[in-house]
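Contents: one structure, followed by commentary.
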Amino acid sequence: MPRYNPAEIEPRWQAFWDASKTFSCPDMPNISKGPKRYILDMFPYPSGEGLHVGHPEGYTATDIVSRFARMNGHNVLHPMGFDSFGLPAEEHAIKTGEHPRIQTQRNIDNFTRQLKMLGFSYDWDRKIATTDEAYFKWTQWIFLVVYDTWFDEASDKGRPIAELPIPPEIQSQGSDAVLRFQDSHRLAYQDDALVNWCPALGTVLANEEVIDGKSERGSHPVQRLPLRQWMLRITSYAERLLDGLDDLHWPTGIKKLQQDWIGRSTGAEVDFFIGDASKSDSSAWQTARQANGFPKVPPGDVLRVYTTRPDTLFGATYMVIAPEHPLVDRLTSPVQRTAMIAYRDKASFKSDRERTEGERAKTGVYTGTDAINPVTGKPIAIWVADYVLATYGTGAIMAVPAHDDRDFEFAVQFGLSIVAVVDPPQSAENRDAVLAGRGCFIGVGKAINSGEFNGQHTDAVKQAITARITSAGIGRAAINYKLRDWLFSRQRFWGEPFPIAHELDAAGNPTGIKRAIPVDQLPVRLPDLADFKPHGRPEPPLEKAADDWLFVTLEGKRHKRETNTMPQWAGSCWYYLRYIDPLNSLALVDREREAAWMPVDLYVGGAEHAVLHLLYSRFWHKVLFDRGHVSTAEPFGRLINQGMILGEVEFTGYQRSDGTWLSSNQVRRDTEGNRVDDQGMAVNGVRVDEADVEKHGDSFALRTDATIRIDSRAHKMSKSRGNVVNPDVVVNDYGADSLRLFEMFMGPLEATKPWSMAGVGGVRNFLDRVWRMIVDDRADTMILNPAVVDVPCDSEQARVLHSTIRKVTEDTESMSFNTAIARMMEFTNFFTRCESRPREAMEAIVILISPYAPHIAEELWQLLCAESNNRGCASLQPWPQWDESALVQTSIELPVQINGKVRTKIEVAPDADEATVLQTALADSRVIAAIDGKSIAKSIVVPGRLVNLVVK
RNA sequence: GCGGAUGUGGCGAAAUUGGCAGACGCGCUAGACUCAGGAUCUAGUGCCCCUUAUACGGGCGUGGAGGUUCAAAUCCUCUCAUCCGCACCA
C-alpha cells in the first residue's frame with residue numbers, strides 16, 4: 001500500500017510549507033547566525049503558454065543552493081516575481097478586447113501555481129509583479145532620479161542636476177535657456193531618432209524585429225521614421241560599466257559579450273581642412289604647413305574623423321562620410337547633387353541591418369569636393385558611402401585603403417589611389433602587393449612613405465603623430481565606444497507611463513519645457529482605454545486617453561502628459577532591489593535592509609540576457625549608487641547561465657513523394673534551399689521512430705534497410721516542431737521531485753542538453769529505490785522497512801556514508817549537481833544490498849537528498865522521526881557533517897604500469913612510503929614476469945596514485 | 001569574416017586538473033521471481049583479436065594529424081566538425 005506516490009505527497013508538503021511559512025526570509029539577516037546569501041532567479045515573463053521545462057532548470061539549481069545554504073545556517077533571501085509588462089499581453093488585448101491586466105493576472109496565477117507545484121522554497125510573501133502600481137510607482141521614481149542626474153566627467157559620477165554649473169552666457173539668457181541647458185545634460189533626455197515604424201502593427205520595432213525591411217511578425221512593411229524619443233545617456237557610464245566587470249564572478253563569455261557591446265577603442269580625432277582651397281589660397285596653406293609642421297585652420301572649415309590608426313595618416317587617400325552626415329549638403333557640388341540625392345534616399349530606406357547584411361558590395365557617390373590631408377598637403381576626395389555609419393565616431397572617416405579591408409575594397413571598386421605607409425613583415429605573403437599599392441595589410445610594422453616617421457614602429461608612430469596633430473591644434477587622442485545611448489520610449493500601451501509632463505502655452509502648444517510629475521503624485525497610472533487597436537499613425541496609444549488623464553496642472557500651468565511608455569526592460573532593471581523590501585511605501589527599498597542584503601550573491605538565468613538586461617540593470621544601479629540610493633557599485637556578484645534544454649533527440653530519414661527512402665548522403669539542397677535527390681526531385685525529411693533505428697558503423701540506419709542512412713539530432717523546443725515538453729505533464733506522470741532531479745542530473749548546469757523522457761523515468765526509478773530502502777512498501781501502513789535498524793554502521797558502511805556526505809556537500813557547493821546525484825545513487829545501490837541499514841545512514845541520506853527532492857525527503861523524514869517528536873521538517877534540518885576518520889582505509893589498491901600500461905594492481909597501506917610501494921610492486925609475480933630479465937631503466941612511484949616501471 | 005564554446009561508448013555524461021578512461025543514469029542482453037507493480041532482483045554491456053569453449057591473455061580506443069612527458073581526454077602546434085554570439089564600429 002505505501003508505495004511512493006508523489007501525486008499524494010507533493011501537494012501535501014507544498015501546502016504545509018505554505019501554511020507554516022517554512023521558507024520565510026528575515027527582513028534583516030541575522031549575521032550572528034550565519035552569512036547572508038541573496039540567491040536570485042531571473043524572473044519570468046508570464047506568458048499565456050505557462051512554464052516550459054527550461055524555466056525549472058535554473059530555478060531548481062537556485063532552489064538547491066538556497067535550501068543547502070539554509071541547512072548550513074545561512075540567512076537566505078530567495079524570492080520570485082514576474083516581469084509582466086510586454087507586447088504579447090497588448091496584442092492579446094487588441095485581438096480579444098480583454099484588458100491586458102486581466103490576462104496578465106491570469107497568467108501570473110498560472111505561473112504561480114506551476115512554480116508552487118515544483119516545490120521551490122521561495123518566500124512568496126515577497127512576490128512582485130512589474131505591472132503592480134505599487135511596484136511601477138518606484139520604476140517611475142527611479143526614472144525621475146535618472147532624469148534629475150547629469151554626468152560629471154570630472155568626478156566620473158552622476159550628480160543632481162541642480163549642481164550642474166551653468167555657464168554665465170547661458171545664465172544671462174534667462175531661465176528658459178537654463179532649463180534647456182540642463183535638459184541637454186540630463187541622463188534622460190529627448191532626441192530625434194530614426195526608428196523602425198510599422199504602420200500595420202501600429203508600433204515601433206526593435207532592429208531585431210525587422211527582417212528585409214519587413215516586420216518579423218506578419219511581414220508588414222516597416223518604415224524608417226525620425227521620431228522624438230526618450231534616450232538614456234548610458235554612454236556616460238561606458239567606462240565604468242567596462243571597469244566594473246573586472247571584479248565580477250561572471251562567466252568570461254558574458255563579460256566578453258558586454259565588453260564587445262560597449263566596444264571601447266582608442267585612437268585619435270583628426271580635423272581635415274575642407275575650406276575653399278582656391279579662396280583660402282592653397283599656397284598660403286602650404287606655407288603655413290611648412291612653418292608649423294601643420295597648418296592652423298579656421299574653425300568650421302574642417303571635417304572631423306575618428307581613427308584607431310593615426311599612424312596611417314600619410315596613407316589617407318580619400319575620405320568617406322555617412323549619408324546622414326550633416327555636411328553632406330555643403331560638400332556636394334552642383335554637378336553631383338542629383339546623384340547624391342538619389343543615393344541618400346536609397347540609403348535611408350535601408351535599415352541598419354540591411355546595410356550591414358547581404359553581399360556587402362560597397363556603394364558610394366563622390367561629393368565633388370576635396371579635403372586636404374594635413375600631413376601630405378595633398379587634396380583627397382570626399383565620398384559619401386553607407387559603409388560608414390553616422391552613429392559611430394564622427395560619422396566620417398579618413399580612408400586608408402592600403403591598411404583597411406573596407407577602404408581597400410572601396411578604393412578598388414572606384415579606382416582610388418592606394419598608398420602603403422606600413423611595411424608588412426617579410427613573412428606577410430602579400431607584402432609585395434601591398435608595397436605596390438595592390439594589396440591591403442592591417443597589421444603593424446615599420447612606417448614607410450611617412451616623412452620623418454619612416455622606420456618607426458606602428459605604436460611609436462601612433463603616439464608621435466597624435467602628439468603632432470595635438471600641438472598643431474588639428475587633432476587629439478580620443479576614445480570611442482560602440483555603445484549607443486539607450487532608446488527608452490515605446491509607442492505601446494502596456495508599459496509604465498513616463499512621470500513627465502510638457503508645458504503648454506495659452507494656445508495649447510508645447511513650450512518645450514518639461515516638468516517631472518511630483519513624487520507625491522506617483523504612480524502615474526495607465527489611463528482606462530477601451531480601444532487598443534492600432535490606428536496606423538505613430539502616435540502612442542495613450543494619446544487616445546481622456547482629457548482628465550492627458551492634461552495636468554503643474555506650477556499653475558497647464559501641461560500635457562508624456563504619452564510614450566517605458567520599455568519592458570525598465571521594470572526588470574531594479575526588481576532585485578524591491579524583493580528586499582517589497583511593501584515599503586516610503587522608499588524603493590529601506591537603506592538598512594538594502595545594505596544588509598546587497599549585492600546579489602548568485603544570479604542564475606539564460607544567456608539571452610547577457611547584454612541588454614544585465615547591462616541596463618548595471619547602468620541603473622550605478623546611477624542609484626551615485627545618487628546614494630544603493631550601497632554597492634554592482635548589483636550581481638556572481639552570475640551563472642543555465643544551458644538551453646533541447647527537445648528529445650530525433651532521427652530523420654528522407655523520403656521521396658512516392659514513399660521510397662533514400663540515404664541522407666544522397667540528399668542535397670537546390671538553389672532555393674529545398675532538399676532534393678540526385679534527380680532534382682523534392683524530398684521530405686521525415687521523423688523516424690527510434691525503434692526503427694539501428695547503429696551501423698559510425699552512422700544510424702533504418703532497421704528495415706541497413707543501406708539507408710539517417711540523421712540524429714536534437715532541436716530547440718518549438719511549437720511548430722511539436723517537441724515542447726510541458727512541466728505539468730511531467731509532474732503528472734513522474735512527480736515534481738523526479739522533474740527536479742532529472743533536470744539536475746542531465747548534465748552540467750551550463751551545458752546545452754537534450755530532453756529525455758526515459759531519463760526522467762530513470763531518476764524516478766532512483767526515488768522508488770530510495771523509498772523502498774526506507775519504507776516497507778509491502779505493509780498496509782506506512783512503516784519502516786524492517787532492514788532499517790538502530791545499529792551503528794560497520795566500517796564499510798561508515799566509509800560509504802561519510803564519503804557520500806563529503807561528495808554531496810562539495811558537489812552541491814560547487815553546483816556540480818549531476819555528480820552529487822550520481823553519488824547518492826551509488827549510496828542507495830550500496831545500502832539496498834545491505835541486510836541491515838543503520839538508521840543514522842538513512843537519516844543522513846534523507847537530509848542530503850532534501851534540497852534536490854524535497855517532497856520525498858519530508859515524507860521519509862517524518863517516518864524516520866515518528867518515534868522522536870519535535871525534530872521539525874527535513875527542509876530545516878542542519879546539514880550533516882562528514883567524519884574524516886571514517887574515510888581512512890586500511891589498505892588501498894595501486895595500479896602498476898610497465899612502460900605506461902597497467903599490468904597489475906597491488907595492495908599497500910595508504911601511507912606506505914615510496915620504497916615500500918616499489919618493493920611491493922617488484923615482488924608481484926606479474927611484474928616479475930613482465931620484466932623477465934630486462935632491466936628497469938626508471939621507476940616512478942606516485943604515493944597513493946600509481947607505480948610506473950620503465951623497462952628496456 | 002571576427003569572437004566564444006564544445007567534440008569521450010548505441011544515448012545523457014564522469015574523470016580529485018598530467019596518474020587505472022567510461023563513475024552514475026538511459027538503452028540493450030541473459031537469467032530469477034511475482035503480492036502483475038510505471039514492477040523488482042541478479043549478472044553482463046567501449047571496440048577488436050586470440051581460444052572448440054571457458055579461464056587467462058593481447059591489441060586499439062576520448063573528432064583528426066603531429067609533438068612534449070615515465071605517463072596526455074587533460075599541456076603545445078596544426079586541422080576538421082558542430083553550436084552560440086557579433087557582424088562594414090574606421
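Labels below follow one simple rule: chain letters A, B, ... track the order of the sequence lines, proteins then strands, and each chain is numbered from 1. These numbers come from the heavy atoms of this one structure, side chains and all, not from hydrogens, waters or symmetry mates.
Contacts of A/S939 with the nucleic acid, taken as non-hydrogen atoms under 4.0 Å apart, are absent. A/D733 comes within contact range of at least one nucleobase, with a heavy-atom separation under 4.0 Å. As judged by a 4.0 angstrom heavy-atom cut-off over every strand, A/N829 is placed among residues touching the sugar-phosphate backbone only. Looking at heavy-atom distances under 4.0 Å, A/T308 makes contact with sugar-phosphate atoms alone, never a base. Residue contacts shown for A/T252 are absent, as no nucleic acid heavy atom lies under 4.0 Å away. Counting any heavy atom pair closer than 4.0 Å across all strands shown, A/R769 reaches sugar-phosphate atoms only and no base atom. Residue contacts for A/R833: at a heavy-atom cut-off of 4.0 Å it reaches the sugar-phosphate backbone alone, with no base atom in range. Base contact: A/V942 has a heavy atom under 4.0 Å from a base atom. Heavy atoms of A/K482 sit under 4.0 angstrom from at least one base atom. Residue contacts for A/K807: at a heavy-atom cut-off of 4.0 Å it reaches no nucleic acid atom on any strand shown. Across all strands, A/L257 comes closer than 4.0 Å only to sugar-phosphate atoms, never to a base (heavy-atom distances). Across all strands shown, A/D407 has no heavy atoms under 4.0 Å from either base or sugar-phosphate atoms.
At whole-Å resolution of the value, CD1 in A/I849 and P in B/C24 are 17 Å apart. Look at CG on A/N899: it is 16 Å from C1' on B/G19, rounded to the nearest Å. Distance A/L767 CG to B/C24 P: 18 Å, rounded to the nearest Å. Atom-to-atom, CD1 of A/I254 to C1' of B/C86 comes out at 13 Å; the value is rounded to the nearest Å.
Partners of A/W755 under the ring-ring contact (aromatic ring centres under 6.0 Å, His included) rule, at least two apart in sequence or in another chain, are A/F742.
Judged purely by atom type and a 3.5 angstrom limit, A/N641 uses its side chain to pair as donor or acceptor with the backbone of A/G605.
Using modelled atom types and a 3.5 Å distance limit, the side chains of A/W882 and A/E884 yield a donor-acceptor pair.
Judged by a 6.0 Å distance limit and a 45° cone about the ring axis, A/K362 is positioned over the six-membered ring of A/Y387.
Proximity of A/N765 to the phosphate of B/U40: a side-chain N or O atom is located under 4.0 Å from OP1 or OP2.
Between A/K753 and A/E57, at least one side-chain nitrogen of the basic residue sits less than 4.0 Å from a carboxylate oxygen of the acidic one, meeting the salt-bridge criterion.
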